[in-house]
Amino acid sequence: MEAKLLPLELLVPRKDQPRKVIPPGEVQRLMDSIQALGMLEPIVVRPLPDGRYEIISGERRYRAAKALKMEQVPVVIKEVEDEDLIRAMSLAENTARADLTLGEIVLAVRDAYRDVSDEEFWKEVSQARSVLLGKNRGNVPKRFLRVCMDTGLSPITVVQYLGYLFGLPRPVLEMLARAGIGKNEAQKLKRHPELLKKFLEQVERFRASPPVQSLGLFPERLARNEVFGVKEKKVRKSRVQSVADRMQALVDALYDMEEDEFAERLEGILEEFKAAKGLGG
């Protein structure tokens with residue numbers, strides 16, 4: 001299907017996009033690529049009744065274009081109304097690029113069962129798992145096989161991923177997805193269930209932190225770093241360090257001026273910024 005140009009302002013992100021968190025570094029890399037080579041791959045959209053276009057796949061490209069203040073972007077328009085099909089297209093596109101974390105894949109599978117309770121969902125997963133692992137005879141539920149096909153992963157891989165987070169309610173799965181939980185962290189959660197309690201406690205602590213709120217940071221990702229000792233990938237470290245150094249200089253200047261109250265507030269923000277970016281003390 002041939003691409004066409006559309007005004008960027010007409011595009012709107014999809015609310016239940018499988019990928020819950022897009023690190024700023026990934027957007028920055030795309031911005032650099034677009035500036036050098038242009039947008040090589042169009043954004044896939046569908047028309048909405050109000051004249052706008054909803055993004056099916058390509059939200060990172062959309063964010064990069066928005067950050068670059070592009071007026072128009074290349075898009076491929078698909079006339080799709082089936083919500084399950086749209087969700088499957090978005091999920092397949094992300095997993096094909098290896099963009100989704102384990103937590104995001106598990107949440108996407110759970111969201112394919114939005115019409116059932118958590119208990120009913122995990123019951124079907126348990127049934128599928130028993131058959132696939134040869135513990136019981138019978139057939140894997142057709143709906144489960146269809147969802148696995150949408151992910152682009154084998155049913156065995158999907159039940160393995162689900163097994164790491166088995167039985168957790170959807171709100172918790174969403175927090176883990178937003179945290180960017182991968183296979184290593186999921187395995188630790190399965191071996192050490194007490195880590196989940198620590199993770200949830202840290203999420204609440206960071207959510208209540210004014211610096212986190214003012215900087216627009218993700219409490220779930222900060223909680224993951226705190227509980228699992230995960231360090232964010234350092235993108236353009238020198239640039240991030242430069243910002244931290246300038247903030248520190250301002251903190252020092254405020255202390256010199258005996259503006260201790262403002263200095264302490266800024267120092268708190270600085271510490272949260274350094275923690276989020278994986279900088280040392």
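Positions are given from 1, in the same order as the sequence printed here. Because the structure is predicted, anything quoted here is derived from the model rather than measured.
Contact of the Ile77 side chain with the Val44 side chain is not registered, since no non-hydrogen atoms from C-beta on lie closer than 4.5 Å. Taking the side chain as every heavy atom from C-beta outward, Arg46 and Arg14 approach each other to under 4.5 Å. In this structure, the side chains of Asp32 and Ile34 stay at 4.5 Å or more apart for every pair of heavy atoms. Two residues are said to be in side-chain contact when any heavy atoms from C-beta on lie closer than 4.5 Å; Lys4 and Val75 meet this criterion. Looking at heavy atoms from C-beta onward, Val203 lies out of side-chain contact with Leu222 at the 4.5 angstrom threshold. Pro155 has its side chain out of reach of Val140: every pair of non-hydrogen atoms, C-beta onward, lies at least 4.5 Å apart. With a 4.5 Å cut-off on side-chain heavy atoms, Lys142 and Leu145 do not count as touching. For the pair Gln127 and Pro141, the minimum side-chain heavy-atom distance is below 4.5 Å.
Other residues, nucleotides and ligands place more than 12 heavy atoms under 6.0 Å from the CG atom of Asp115. Around the CZ atom of Arg52, the shell of radius 6.0 Å holds no more than 12 heavy atoms that belong to other residues, nucleotides or ligands. The 12-atom threshold is exceeded at CD of Gln35, counting heavy atoms of other residues, nucleotides or ligands nearer than 6.0 Å.
Contact record, Arg129 with Gly163: NH1-CA, 4.1 Å, taken as the closest heavy-atom pair. Taking each heavy atom of Ala179 and Glu220 in turn, the nearest pair found is CB-O, 3.4 Å. Counting all heavy atoms, side chain and backbone alike, Val147 lies closest to Ala112 at CG2-CB, 3.7 Å. Residues Leu165 and Ala186 approach most closely at CD2-CB, 4.3 Å, considering heavy atoms. The two atoms that bring Val73 and Ala65 nearest to each other are CG1-CB, 3.6 Å, heavy atoms only. For the pair Gly180 and Arg221, the tightest heavy-atom approach, listed with the atom from each and the gap, is CA-NH1, 3.9 Å.
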Item to complete: Starting from the C-alpha separation in whole Å, work towards a yes-or-no answer on salt bridge (charged side-chain N to carboxylate O under 4.0 Å, His left out) for Arg63 and Glu59.
Response: CA-CA 6 Å; Arg63 292 194 189 188; Glu59 185 169 342; 3.0 Å; yes
- Query: Stepwise, does the side-chain contact (heavy atoms from CB on, under 4.5 Å) test hold for Leu189 with Leu168?
  - Reply: CA-CA 11 Å; Leu189 278 176; Leu168 296 181; 5.6 Å; no
Start with the C-alpha distance between Lys123 and Asp118, add both sets of side-chain angles, then the distance that settles salt bridge (charged side-chain N to carboxylate O under 4.0 Å, His left out), and finish with yes or no. CA-CA 8 Å; Lys123 184 177 180 180; Asp118 285 327; over 6 Å; no
- Query: Could you go step by step and tell me if Glu226 and Arg205 meet the side-chain contact (heavy atoms from CB on, under 4.5 Å) rule?
  - Reply: CA-CA 11 Å; Glu226 187 80 16; Arg205 182 173 75 85; 4.1 Å; yes
Working note: Glu194 + Lys198, criterion salt bridge (charged side-chain N to carboxylate O under 4.0 Å, His left out); need CA distance, chi angles, decisive distance, verdict. CA-CA 7 Å; Glu194 69 276 8; Lys198 291 182 180 179; 6.0 Å; no
**OP:** Check step by step if salt bridge (charged side-chain N to carboxylate O under 4.0 Å, His left out) holds for Arg207 and Glu204.
**Re:** CA-CA 5 Å; Arg207 279 181 177 171; Glu204 291 306 312; 3.2 Å; yes
**Request:** May I have the step-by-step check of side-chain contact (heavy atoms from CB on, under 4.5 Å) for Phe228 and Ile181, ending in yes or no?
**Result:** CA-CA 10 Å; Phe228 298 101; Ile181 290 291; 3.8 Å; yes
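Rounded to the nearest 0.5 angstrom, Leu195 CG and Gln202 CD are separated by 11.5 Å. Here the CZ-CD distance, from Phe206 to Glu201, works out to 12.5 Å after rounding to the nearest 0.5 Å. Going from atom NZ of Lys78 over to atom CD1 of Ile56 covers 7.0 Å, rounded to the nearest 0.5 Å. The CG atom of Leu107 sits 9.0 Å away from the CZ atom of Arg110 when rounded to the nearest 0.5 Å. Between Gln248 atom CD and Leu266 atom CG the span is 8.5 Å, to the nearest 0.5 Å. Annotation: the span from Gln72 atom CD to Leu11 atom CG amounts to 11.5 Å, rounded to 0.5 Å.
Taken together through direct or relayed side-chain contacts under 4.5 Å among Ile, Leu, Val, Met, Phe, Trp and Tyr, Val45 and Val12 form parts of separate hydrophobic clusters. A single hydrophobic cluster is seen to contain both Val116 and Val159, as judged by linkage of ILVMFWY side chains at heavy-atom distances under 4.5 Å, directly or through other members. Hydrophobic clustering (ILVMFWY, side-chain heavy atoms < 4.5 Å, transitive): Ile156 and Leu162 are in one cluster. Hydrophobic cluster membership differs between Leu68 and Leu5, with clusters built from Ile, Leu, Val, Met, Phe, Trp and Tyr side chains linked at under 4.5 angstrom. Cluster annotation: Leu48 and Ile43 are assigned to distinct hydrophobic clusters (Ile/Leu/Val/Met/Phe/Trp/Tyr, side-chain heavy-atom contacts under 4.5 Å, transitive).
At least one test fails for Arg178 against the ring of Phe218: distance under 6.0 Å to the centre or angle within 45° of the axis. Arg224 forms no cation-pi arrangement with Phe199, by the criterion of a distance under 6.0 Å to the ring centre and an angle within 45° of the ring axis.
Side chain to side chain, Glu120 and Ser117 meet the donor-acceptor criterion of an N or O pair below 3.5 Å.
Not a single donor-acceptor pair under 3.5 Å links the side chain of Ser126 to the backbone N or O of Trp122. Within the 3.5 Å criterion, the main-chain N or O of Phe144 finds a donor-acceptor partner in the side chain of Tyr113.
Between Arg170 and Glu174, at least one side-chain nitrogen of the basic residue sits less than 4.0 Å from a carboxylate oxygen of the acidic one, meeting the salt-bridge criterion.
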